[in-house]
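What follows is a single structure, written as structure tokens, with notes after it.
The analysis underlying the following values was restricted to heavy atoms, covering all of them including side chains, and did not include hydrogens, waters or symmetry mates. We name chains A, B, ... by the order of the sequence lines, and we start the count at 1 in each one.
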Amino acid sequence: MKRILPHPFLALLLLIVWLVLTGFTPGQFILGSAVALVASRSMSALEPTPITLRKVHRIPVLLGVLIVDIARSNFDVARLILNGGRHGKRRSGMIEIELETRNRTALALLAIIVTATPGTAWLGWNPRRGVLLLHVFDLVDEADWKDLIKNRYEKALREILE
Amino acid sequence: MTELPLWAAIVVAFFLVLGAGLTLIGSIGLLRLRSFYDRLHAPTLGTSWGALATILASVIFFSLSEGRLVLHDLVIGFFIMCTTPVTLMLLGRAALYRDRAENTPVVTPSETE
Amino acid sequence: MSGTILLVATLLAQGMLVIAMLLAVLRILRGPRAQDRVLGLDTLYVNAMLLLITMGIRTGSIFFFEASLVIGVLGFVSTLALAKFLMRGEVIE
């Protein structure tokens with residue numbers, strides 16, 4: 001199994017994208033599977049770390065939390081832009097957060113979450129010290145943001161991936 | 001092409017205006033905000049719910065008007081979701097690197113790299 | 001009835017997206033630093049992509065989908081190359 005299909009998630013993803021773009025027919029399914037099988041092997045050249053999923057049932061929960069969180073921060077940032085940052089009182093700044101995870105997949109997903117959420121921007125990651133540098137658009141309380149990243153997202157990602 | 005039912009038209013119209021509105025606010029922010037790091041947040045309005053709402057409108061519209069599930073716009077959504085972090089992270093790091101190289105004061109708690 | 005609602009909504013959305021593109025162009029012209037211009041270009045690409053999806057809904061044709069996909073790919077690669085260029089002043093090391 002491992003020899004034929006070294007990267008099952010990638011192959012499945014490629015097959016789904018192929019089917020969505022061309023149409024759900026048996027012929028396209030066979031063609032898409034062949035392309036996915038061959039193309040996903042090229043991933044080995046990048047030497048990725050293997051992904052192991054632990055608590056799969058947490059994924060939909062995290063997705064739901066994310067859609068709501070992103071919608072809320074969209075609304076917050078939109079309001080701050082329109083009212084001129086509470087009429088000049090908004091303060092932005094950089095914060096550093098020490099993370100516990102060293103899992104590369106978890107870090108990549110955390111980067112997507114942080115960037116997809118308006119209001120937080122990922123600026124740097126120090127792998128030696130395990131410190132993440134974030135820029136926060138509306139920095140009212142630094143502890144709130146650390147709490148959000150560490151206890152809400154990092155914890156969920158670690159439960160799923162470690 | 002069949003005429004859409006009224007409720008579907010309202011839903012599609014709502015998502016379209018919501019997406020375009022958020023994108024417009026993001027671009028207003030891009031023009032109005034003062035520092036580069038603040039401006040880095042503005043386009044994410046367009047790439048998160050701005051794009052999602054527009055894509056949802058398109059998926060609902062084409063699925064109903066063609067009478068089958070048309071999902072190809074979701075590929076664009078997936079694509080935006082994967083590429084935006086890469087571009088914005090690299091741009092943020094480039095700006096940080098340039099500011100540090102020129103000794104422009106950047107508000108950082110301590111040196112990260 | 002539903003046709004009228006859709007027409008008004010798509011026109012409104014298109015107008016807003018065109019204004020958003022103009023604002024991004026203004027940011028590109030104004031700068032002040034190179035990274036601001038690259039950020040403006042990235043926003044311009046995303047806005048153009050959403051505008052094409054909206055045009056696809058107005059005309060009811062799937063043709064625009066492919067155009068927006070191409071714009072997305074080109075925008076991603078060009079922003080990446082420009083950001084890499086700003087980092088060290090070279091694209092290929």
Sort [X] into side chain, backbone, both or neither according to what part of it lies under 4.5 angstrom from a heavy atom of chain C.
X     : value
B:I80 : side chain
B:I25 : neither
B:F79 : side chain
B:A8  : neither
B:F14 : neither
B:L45 : neither

Quick check: closest heavy atoms across [X] and [Y], and the distance to 0.1 Å?
X     : Y     : answer
B:A13 : C:L6  : N-CD2, 4.4 Å
B:T23 : C:A20 : O-CB, 4.2 Å
B:A94 : C:L86 : CB-CB, 4.0 Å
C:L17 : B:A20 : CG-CB, 4.0 Å
B:G46 : C:V46 : O-CG1, 4.3 Å
B:R98 : C:A34 : NH2-CB, 3.8 Å

Quick one: what part of [X] sits under 4.5 Å from any heavy atom of chain B, side chain, backbone, both or neither?
X     : value
C:V8  : neither
C:S78 : neither
C:D36 : both
C:L26 : both

Find the distance between [atom1] ([X]) and [atom2] ([Y]) and round it off to the nearest 0.5 Å.
X     : Y     : atom1 : atom2 : result
B:L31 : C:I28 : CG    : CD1   : 11.5 Å
B:T87 : C:L82 : OG1   : CG    : 11.5 Å
C:Q35 : B:L90 : CD    : CG    : 12.0 Å
C:R58 : B:F61 : CZ    : CZ    : 11.5 Å
B:R93 : C:K84 : CZ    : NZ    : 9.0 Å
B:L96 : C:M87 : CG    : CE    : 9.0 Å

query = Going by the angle between their ring planes, with limits at 30° and 60°, are C:F65 and B:H72 parallel, tilted or perpendicular?
reply = parallel
ask   = Any side-chain heavy-atom pair from B:L24 and C:L23 closer than 4.5 angstrom?
value =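 Yes, side chains in contact.
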request  = Tell me, out of B:I55, B:T54, B:L30, who's got the most heavy-atom pairs with chain C below 4.5 Å.
outcome  =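 Greatest number of close heavy-atom pairs with chain C: B:L30.
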query = Between B:V75, B:V70, B:L16, which shows the greatest number of heavy-atom pairs under 4.5 Å with chain C?
reply = B:L16
inquiry  = Checking B:V86 against C:L80 for the side chain to side chain contact (heavy atoms under 4.5 Å, CB included) test, could you report, in this order, the C-alpha distance in whole Å, the side-chain angles of both residues, the deciding distance, and whether it holds?
reply    = CA-CA 8 Å; B:V86 181; C:L80 217 58; 3.6 Å; yes
inquiry  = Pair B:L6, C:I5 - check side chain to side chain contact (heavy atoms under 4.5 Å, CB included), show working.
reply    = CA-CA 9 Å; B:L6 187 62; C:I5 293 177; 3.6 Å; yes
request  = Return the option, out of C:I53, C:T10, C:L39, with the maximum number of heavy-atom pairs under 4.5 Å with chain B.
outcome  =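 Highest number of pairs under 4.5 Å: C:L39.
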